[in-house]
Amino acid sequence: MTTPAAHEAPPVHLGDPRFQTDPAELYREMRRDHGAVAPVVLDGDVPAWLVLGYRELHQVTGDPVLFSRDSDLWNQWDRIPADWPLLPMIGRKQQSILYTVGERHRERAGVITDALESVDPFELKGHAERFADELIDGLCGKGACDIVGEYAMLLPLRVLARIYGFSDEQGPGLVTAMNDMINGREGALEGQRHLGESMYGLLAAKRAAPGPDVASRMLAAGTGFTLDEVAQDLMVMLAAGHQPTADWIGNSMRLMLTDDRFAASLAGGRHSVGEAMNEVLWEDTPTQNVAGRWASRDTHLGGRRIGRGDLVLLGLAAANSDPQVRTDSGALTGGNNAFFSFGHGEHRCPFPAQEIAEVIARTGIEVLLDRLPDVDLAVPADALARRPSPWLRGLTELPVSYTPTPALGADR
């Protein structure tokens, strides 16, 4: 991999705590010191490039041949140990759609898109409202709770599991398993096993008795995919749909509880919920950086020489704040959705998946504000902490207080 010039500032380590504490300032420094494409190092001093520029990121994501999703191209595999902590994120020889390229990827993406497009939006919203009410029933009498741990991290997967074909009874166990995996807790491996066994069990049940659900539609696509491929894609979709959506809820609620521009919405209606959600996707997007793409040949990008097999990381958050396209950094984004928060190009988040995430997040926020109308932050805003990750940006907790209210129960 080409190294930076001797006079240049040193590469930034992806473990730098400023990715959590002040990423906006860190990206400004990196752009000043390195330009639109910056050298970075991963765990074990493994080198990579982080794309900070909006136009450069558009170039990378728009050319899946030159900047491939095929991780076998990586020129660093010979120095990656078997216990490298980023292997779950930068894997090799995986069967999921994440690492499939070319026509096979387009076929798999088409199956996923068709299956998700068939989700009835009214049923989806109904499921989201029902599970949101159920969760708030368990919180509303307490007068205080943690919105992240007791609400946002529990809602998306319940809804996704339901539309994928799982029973409501299976939902809580799947949520626990997924959150254990995400948090790397003691039960992470057990959570991974539970998710895998549950997914293969679901597919076996739907083969025997198909239903009006995402799993059944993918099995019925008839495009020659193996059971393993379908199971892997469903698990990828569950993970990709759960954590970022939970962080979208948490980050949006943080904005509404700490920014005076949104105070009226808490007391007088829902009109600012969509604005807060959109602003979060620009300024505080749940998915900050993505690994990655690999150069299929020597090339140039943003004035850098990128070597064949170099790993290129997608700096979604940095690109969203690129001063070359955001000339007035203080301007409200309004309804502008030209952000990179869902990616771009062939490997972007499928559009119906974005719509599903938005329905779940918006419904979750609206139900929360309806049920707990005087909700207020219970700690100073500067006491809120982020999870230690350069990849996904979310709060460790969001403590709030409110007037206790009765549960709806069967009256919901």
Side-chain angles (χ1 to χ4, degrees), residues 1-5 8 11-12 14 30 34-81 84 86-113 223 225 229 232-233 236 240 287-319 322 340 342-350 390-391:
M1 177 169 172
T2 306
T3 56
E8 189 178 18
V12 173
L14 265 290
M30 294 175 71
H34 301 286
V37 180
V40 295
V41 290
L42 309 176
D43 289 2
D45 291 330
V46 176
W49 300 103
L50 180 63
V51 183
L52 307 171
Y54 189 97
R55 294 182 179 90
E56 289 75 14
L57 192 58
H58 197 280
Q59 180 181 344
V60 169
T61 54
D63 192 340
V65 176
L66 177 55
F67 296 101
S68 175
R69 198 66 180 85
D70 182 2
S71 61
D72 279 353
L73 296 172
W74 199 12
N75 54 25
Q76 299 293 313
W77 278 122
D78 59 351
R79 58 179 297 189
I80 301 299
W84 195 52
L86 293 182
L87 277 178
M89 183 173 297
I90 307 175
R92 195 176 194 184
K93 304 295 185 186
Q94 296 190 10
Q95 297 191 60
S96 80
I97 190 174
L98 290 180
Y99 295 92
T100 308
V101 299
E103 185 60 30
R104 188 64 169 176
H105 175 270
R106 288 186 283 275
E107 291 175 353
R108 293 176 77 165
V111 169
I112 291 173
T113 297
T223 50
F225 296 119
E229 287 176 313
Q232 289 292 325
D233 288 354
V236 164
T287 305
Q288 294 273 303
N289 300 297
V290 174
R293 302 290 188 270
W294 288 266
S296 59
R297 58 173 171 79
D298 291 350
T299 187
H300 287 84
L301 178 69
R304 296 283 188 179
R305 180 186 178 278
I306 308 297
R308 182 180 184 275
D310 280 3
L311 170 58
V312 177
L313 306 176
L314 312 183
L316 306 187
D322 186 347
F340 270 106
F342 293 107
H344 172 263
E346 233 179 58
H347 291 270
R348 70 172 296 155
C349 177
W391 312 103

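From a predicted model like this one, the values you see are computed outputs, not experimental measurements.
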Which residues share a side chain to side chain contact (heavy atoms under 4.5 Å, CB included) with A291, sequence neighbours left out = M89, I90, L313, W391

key: D298: side-chain hydrogen bond (donor to acceptor under 3.5 Å, both in side chains) partners, not counting sequence neighbours   = R305

query = L52 and D322: side chain to side chain contact (heavy atoms under 4.5 Å, CB included), yes or no, with the steps?
reply = CA-CA 7 Å; L52 307 171; D322 186 347; over 6 Å; no

key: Heavy-atom side-chain proximity of P64 to R293 below 4.5 angstrom   = no

ask   = Of the non-hydrogen atoms in L301 and V37, which two are nearest, and what is the gap between them?
value = O-CG2, 3.6 Å

ask   = Hey, are D310 and W49 close enough side-chain-wise for a donor-acceptor pair under 3.5 Å?
value = yes

Closest approach of L57 to A319 (non-hydrogen atoms, all atoms of both residues) = CD2-CB, 3.6 Å

From I80, L14, V41, V40, residue fulfilling side-chain contact (heavy atoms from CB on, under 4.5 Å) relative to V46 = I80

ask   = Does any non-hydrogen side-chain atom of V60 lie less than 4.5 Å from one of L314?
value = yes

ask   = How close do W77 and L87 get, heavy atom to heavy atom, and via which atoms?
value = CZ3-CD2, 3.8 Å

query = Which atoms form the tightest heavy-atom contact between G315 and N289, and what is the distance?
reply = CA-OD1, 3.3 Å

key: salt bridge (charged side-chain N to carboxylate O under 4.0 Å, His left out) partners of R79, counting only residues at least two apart   = none

key: side chain to side chain contact (heavy atoms under 4.5 Å, CB included) between Q76 and L311, intermediate numbers included   = CA-CA 9 Å; Q76 299 293 313; L311 170 58; over 6 Å; no

ask   = Are the side chain of N75 and the backbone N or O of R308 linked by a donor-acceptor pair below 3.5 Å?
value = yes

remark   = Closest non-hydrogen contact found for Q288 with P390 is CB-O, 3.6 Å

query = Who are the side chain to side chain contact (heavy atoms under 4.5 Å, CB included) partners of E229, not counting sequence neighbours?
reply = Q95, R104, R108, F225, T226

Taking every non-hydrogen atom, the tightest pair across G307 and A295 = O-CB, 3.5 Å

key: S68 (side chain) donor-acceptor with W294 (main chain) under 3.5 angstrom   = no

request  = Would you please name every residue forming a salt bridge (charged side-chain N to carboxylate O under 4.0 Å, His left out) with R69, sequence neighbours left out?
outcome  = none

request  = Identify, with sequence neighbours excluded, every residue that meets side chain to side chain contact (heavy atoms under 4.5 Å, CB included) alongside T299.
outcome  = L66, F67, R297, I306

query = A36: what forms a side chain to side chain contact (heavy atoms under 4.5 Å, CB included) with it, not counting sequence neighbours?
reply = E56

